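Note sheet for the following structure.
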Amino acid sequence: MKDTIRKVLGNLLILTLFFLPVGTFKPNRILNGNDFYSVNIFTFEFFLLALFFISYIINRKNRFLSIIRSLFLILLPVYLIYRIQAFQFIGDYDETIARISLHISAYLTIMGVIILLSTEKYPKIKIFMSLFLVLTAFIFNLFPMLGLSREFINRRETFNAEFFRHLTLAISSLLFAIIPSIFFAYQSTKHEKLREWIMGFINGFQVAPTLSLIALIMIPLSYLGSQFPFLRDLGIKGIGFLPSFIILTLYALLPITSNTYTALKQIEPSIMDSAYALGLNRTQIMFKIQFPLALPLIISGIRIALVQSIGNTILAGLVGGGGLGSIIFLGLSQSAADLILLGSIPVVFMALTSDIIFEVIEEKIKVRMGLSR
Amino acid sequence: MKKMKSIIIVCLSLILFSACTTNIVEEKKPVTIATMLDSEGSVLGQIILQVLNANGIKTIDRINFGTPDILRAALENNEVDLVVDYTGSGQYYHPEDATDTSIWNDPVKGYEFTAELDFEKNNIVWLTPSPANNTESIAVRREFSETNNITDMAQLAAYINAGNEFKLIAASSFVENPMGLLGYEEAYGFKLTNDQIIALSSGNTAEMLKALAEKTNGVNASLVYGTDGALDKLDLVVLDDPKHIPPVYLPAPVIRKEVLDMYPEIETLLKPIFESLTLEVLQNLNAQVAYDGKDAAEVARTYLEENNFIQ
């Protein structure tokens with residue numbers, strides 16, 4: 001039943017190819033361009049699409065048919081993008097400046113493909129393959145007219161540097177948050193009063209807007225830096241890496257602390273009692289009983305913190321901390337939509353990938369501990 | 001366990017010690033170049049970067065570092081060494097000293113005033129500015145200008161006072177500034193109502209120009225900056241301002257004194273280049289980046305090579 005809904009939705013999304021614009025031709029970087037439709041670029045492809053829809057309507061259980069269909073779906077995004085960017089605009093324009101952007105139905109179609117692939121066998125591998133093809137084609141510059149490609153080629157080096165800076169900032173701030181959060185959570189399980197204070201403190205950070213926090217923390221940091229020159233030489237300054245790092249660390253505290261706290265509280269008292277009865281001391285109980293049992297939830301806390309951290313790191317771009325945020329804000333300041341996309345798509349990918357990686361780790365740990373399956 | 005602790009302590013002290021010694025040995029540090037988050041920041045930053053590199057000065061690239069206030073704070077905190085700033089910005093850096101606001105309308109006086117105060121107070125040196133005035137003006141579409149016969153602010157004021165339809169898009173800092181829109185209103189005798197103004201919290205030129213060129217929400221006038229490259233290409237007309245209300249903003253390299261002492265040649269290297277950057281030149285360079293979408297590094301290199309500033 002659920003599959004039917006997804007199949008219908010996926011097909012409807014691909015159907016938008018017929019009546020919504022697939023791309024925009026821009027004569028230059030700033031102005032909005034002319035939209036064009038699939039009729040402008042497709043000929044025999046309509047026939048293939050029609051066959052594709054018919055095969056869904058008939059819905060025969062045929063192995064050969066379903067293989068062909070999967071292949072069609074996997075190849076559709078990369079082919080569609082290739083054809084859209086190869087669109088020839090009739091009129092006067094400068095080829096070195098003109099660019100083409102994807103429009104709504106291209107995005108909807110790719111979404112539809114992903115939804116349809118998710119109803120098939122081995123969904124993750126197929127979706128990955130499909131997107132991987134697009135990514136490879138993009139990196140090897142097979143879409144030269146695409147606005148996104150133009151921006152990428154123009155600033156390849158900056159992009160690479162900012163990409164790694166983004167990753168470093170997000171991951172290092174997270175790693176820094178893990179030990180204190182577990183410590184906070186462990187202390188909270190022992191002293192109820194302390195828990196309220198800790199949680200209040202950590203929640204406070206979560207509620208305050210990130211940007212204003214970065215701005216606030218700049219004041220004491222620049223004061224420290226200007227009063228004690230040796231601190232400044234160690235890198236303690238109001239701007240750049242450190243303030244972003246501190247704020248991201250503070251943000252990462254909440255998910256890990258609250259998950260660890262819940263995990264530790266969930267352990268049945270009888271298990272603890274038997275551990276005592278067996279003669280284990282406090283340290284042994286902590287490392288041999290409590291933490292192993294709490295591990296899956298702690299990992300999921302780290303996962304949430306990392307995904308959140310990757311998103312929040314964008315703001316470092318405003319205070320000289322670098323990262324993909326600086327590309328996004330440059331795009332905003334120049335009103336260049338392609339540049340904004342160039343900054344934000346990798347962030348989304350980074351967040352999704354780390355989410356999937358941690359999900360796998362979590363599952364592995366659960367299986368090993370006999371908690372699932 | 002004890003052994004472990006002593007090892008950790010030795011390691012930590014070593015790290016601290018090494019951190020201290022690196023400070024004692026004064027070596028020639030690379031120059032950190034930072035600019036604002038806009039196309040002009042990219043172009044001017046790249047020009048400075050490439051000239052310094054070509055003359056054997058090591059640099060660290062922090063081009064498109066951040067918003068103007070962040071950039072200024074970074075310079076004051078020694079986070080960056082060399083930035084591009086605008087002479088008129090002195091009114092925000094030293095508000096208590098500038099009792100006579102008319103100096104900001106004079107390119108030479110404003111520059112000298114800011115340079116002097118910054119040198120005394122912050123040990124920051126303003127090098128020779130470019131003659132291009134990146135000031136704030138109001139622009140309209142050519143077709144609007146022709147049908148209504150408007151080429152200067154006085155004519156615009158008459159048009160508004162006649163009750164015609166008018167909508168201005170501008171940065172909120174301009175709208176609320178006595179040397180901005182408020183100054184215009186007083187000098188030319190008109191008054192815009194709140195629903196005649198779209199105020200953006202950021203001074204995002206490209207967005208304003210786009211709104212004006214595409215008539216978004218009925219916008220028919222926009223705040224523009226003098227060196228913006230798209231003015232010509234989008235077919236816009238900048239309205240004359242005979243009373244010179246907004247301050248003069250000349251882009252200039254601004255450097256910390258300590259760094260300039262280390263590399264005194266920077267001053268003479270950048271002087272002829274910035275003097276060559278007239279309004280037309282800068283507009284052209286900016287247009288190549290913002291409008292054509294070319295790489296700023298390449299635009300800068302072509303300009304420097306064509307004019308024999310680097311080989």
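Because the structure is predicted, anything quoted here is derived from the model rather than measured. Here is how names work: the chains are called A, B, and so on, in the same order as the sequence lines, proteins then strands, and each is numbered from 1.
Among the candidates B:Asp61, B:Ile63, B:Asn64, the residue making the largest number of heavy-atom pairs closer than 4.5 Å to chain A is B:Asn64.
Residues B:Asp292 and A:Arg99 come closest through the heavy atom pair O-NH2, 4.0 Å. When every heavy atom of A:Phe329 is checked against every heavy atom of B:Leu37, the shortest pair comes out as CB-CD1, 3.7 Å. When every heavy atom of A:Ile97 is checked against every heavy atom of B:Tyr291, the shortest pair comes out as CG2-O, 4.1 Å.
Shown here is B:Lys58, whose NZ atom has no more than 12 heavy atoms of other residues, nucleotides or ligands within 6.0 Å. By the 6.0 Å contact criterion, OH on A:Tyr107 is enclosed, its count of non-hydrogen atoms from other residues, nucleotides or ligands being greater than 12. At most 12 heavy atoms of other shown residues, nucleotides or ligands fall within 6.0 angstrom of atom OH in A:Tyr82. Surrounding CD of A:Glu157 are at most 12 heavy atoms belonging to other residues, nucleotides or ligands under 6.0 Å away. With a 6.0 Å radius and a threshold of 12 heavy atoms from other residues, nucleotides or ligands, A:Phe176 has its CZ atom at or below the threshold.
B:Leu209 does not touch chain A: none of its heavy atoms, backbone or side chain, sits under 4.5 Å away.
Once rounded to the nearest 0.5 Å, the distance linking CG of B:Asp38 with CG of A:Leu332 reads 13.0 Å.
Within the 3.5 Å criterion, the main-chain N or O of B:Val289 finds a donor-acceptor partner in the side chain of A:Arg29.
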